[in-house]
Amino acid sequence: MATPDFIRTLHETAGHQLLFLPGVSAVVFDDHGRVLLGRRSDNGRWAVIGGIVEPGEQPADCAVREVYEETAVRCEVERIVSVETLRKPVVYPNGDQCQFMDVAFRCRAVGGEARVNDDESTEVGWFEVDDLPEMKRFSLLRIEKALSDEPTWFRTTASS
């Protein structure tokens with residue numbers, strides 16, 4: 001995944017120590033009820049679109065930006081579906097460590113044609129929600145929550 005410049009700068013002084021960072025996930029649906037997914041170039045797995053919030057950027061704006069940067073699809077945020085600190089830090093091949101607090105948004109596609117638009121994905125596409133490719137629980141949970149009409153989901157220590 002592309003690392004934002006501000007994180008590279010932080011790691012220059014912090015070394016490989018753990019950074020706690022804000023992230024977003026965007027669960028994007030089209031007018032046919034299909035969900036937009038990308039096959040990640042770093043691990044080859046299908047996932048919802050996501051990324052790291054830049055300093056001063058609003059999380060919802062980040063979700064819209066990441067969807068366009070990765071897939072060329074224009075979208076609008078409809079609502080927050082979940083908020084969660086991910087359980088395990090990510091350790092990158094160079095030794096850098098990050099743990100993310102993820103805010104997931106339900107989004108609606110409003111334009112553009114789905115295609116690989118940067119080097120973070122090897123494929124992108126629309127999928128029927130009852131015929132999804134194999135994915136990690138992280139993405140499946142976000143899709144499930146985006147499809148429900150329940151209040152925003154969050155994890156507490158008691159619910160872990």
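Every value quoted in this text rests on a predicted model; they were computed, and no experiment measured them.
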Asks: Using a 6.0 Å cut-off, check whether atom CG of Asn43 has over 12 heavy atoms from anything other than its own residue.
Replies: yes
Asks: Tell me, which pairs form a side-chain hydrogen bond (donor to acceptor under 3.5 Å, both in side chains) where one or both residues lie in residues 44-64, sequence neighbours left out?
Replies: Glu57-Arg65
Asks: Between Glu120, Arg115, Glu113, which is the residue that forms a side-chain contact (heavy atoms from CB on, under 4.5 Å) with Asn117?
Replies: Arg115
Asks: Report yes if some heavy atom in the side chain of Asp30 is under 4.5 Å from a heavy atom in the side chain of Leu36; otherwise report no.
Replies: no
Asks: When you measure from the side chain of Ser82 to the backbone N and O of Arg142, does any donor-acceptor pair fall under 3.5 Å?
Replies: no
Asks: Can you see which heavy atom on Val77 is nearest to which on Ala63, and at what distance?
Replies: CG2-CB, 4.5 Å
Asks: Mark yes or no for whether Arg39, through its side chain, and Gly44, through its backbone, hold a donor-acceptor pair below 3.5 Å.
Replies: yes
Asks: Apply side-chain contact (heavy atoms from CB on, under 4.5 Å) to residues Asp96 and His16 and explain how you reach the verdict.
Replies: CA-CA 4 Å; Asp96 290 350; His16 299 302; 2.8 Å; yes
Asks: Given side chains that start at C-beta, do those of Thr9 and Thr13 come closer than 4.5 Å, heavy atoms only?
Replies: no
Asks: Apply ring pair (Phe, Tyr, Trp, His ring centres under 6.0 Å) to Phe20 and list each qualifying residue two or more places apart in sequence or on a separate chain.
Replies: none
Asks: Is there a donor-acceptor pair under 3.5 Å between the side chain of Arg74 and the backbone N or O of Val64?
Replies: no
Asks: If you define the side chain from C-beta out and look only at heavy atoms, does anything of Leu18 sit under 4.5 Å from Gln99?
Replies: yes
Asks: Would you check if the side chain of Thr152 reaches a backbone N or O of Ile80 as a donor-acceptor pair within less than 3.5 Å?
Replies: yes
Asks: Measure across Asp119 and Ser41 and return the closest heavy-atom pair with its distance rounded to 0.1 Å.
Replies: O-OG, 2.7 Å
Asks: If we only count heavy atoms from C-beta on, is the Ile143 to Phe127 side-chain gap below 4.5 Å?
Replies: no
Asks: Quick check: do Leu132 and Leu37 have side-chain heavy atoms less than 4.5 Å from each other?
Replies: yes
Asks: For the side chain of Ser139 and the backbone of Lys136, is there at least one donor-acceptor N/O pair under 3.5 Å apart?
Replies: no
Asks: Grab the two heavy atoms, one from Val28 and one from Trp126, that are nearest each other, plus how far apart they are.
Replies: O-CZ3, 3.6 Å
Asks: Looking only at heavy atoms, what is the nearest atom pair of Ala146 and Val27, with distance?
Replies: CB-CG1, 3.6 Å
Asks: What residue pairs, at least two apart or across chains, pass ring-ring contact (aromatic ring centres under 6.0 Å, His included) with a residue in residues 101-120?
Replies: none
Asks: The test is side-chain contact (heavy atoms from CB on, under 4.5 Å); show your working for Val83 and Met101 and say whether it passes.
Replies: CA-CA 7 Å; Val83 178; Met101 194 269 309; 3.8 Å; yes
Asks: So which atom in Gly50 and which in Glu66 form the shortest heavy-atom distance, rounded to 0.1 Å?
Replies: O-OE1, 3.4 Å
Asks: Any sub-3.5 Å donor-acceptor pair from Asp102's side-chain atoms to Ser25's backbone N or O?
Replies: yes
Asks: What verdict does the salt bridge (charged side-chain N to carboxylate O under 4.0 Å, His left out) test give for Glu144 and Arg137, after you've listed the backbone C-alpha separation in whole Å, the side-chain angles of each residue and the deciding distance to 0.1 Å?
Replies: CA-CA 10 Å; Glu144 175 187 312; Arg137 181 74 184 132; 3.7 Å; yes
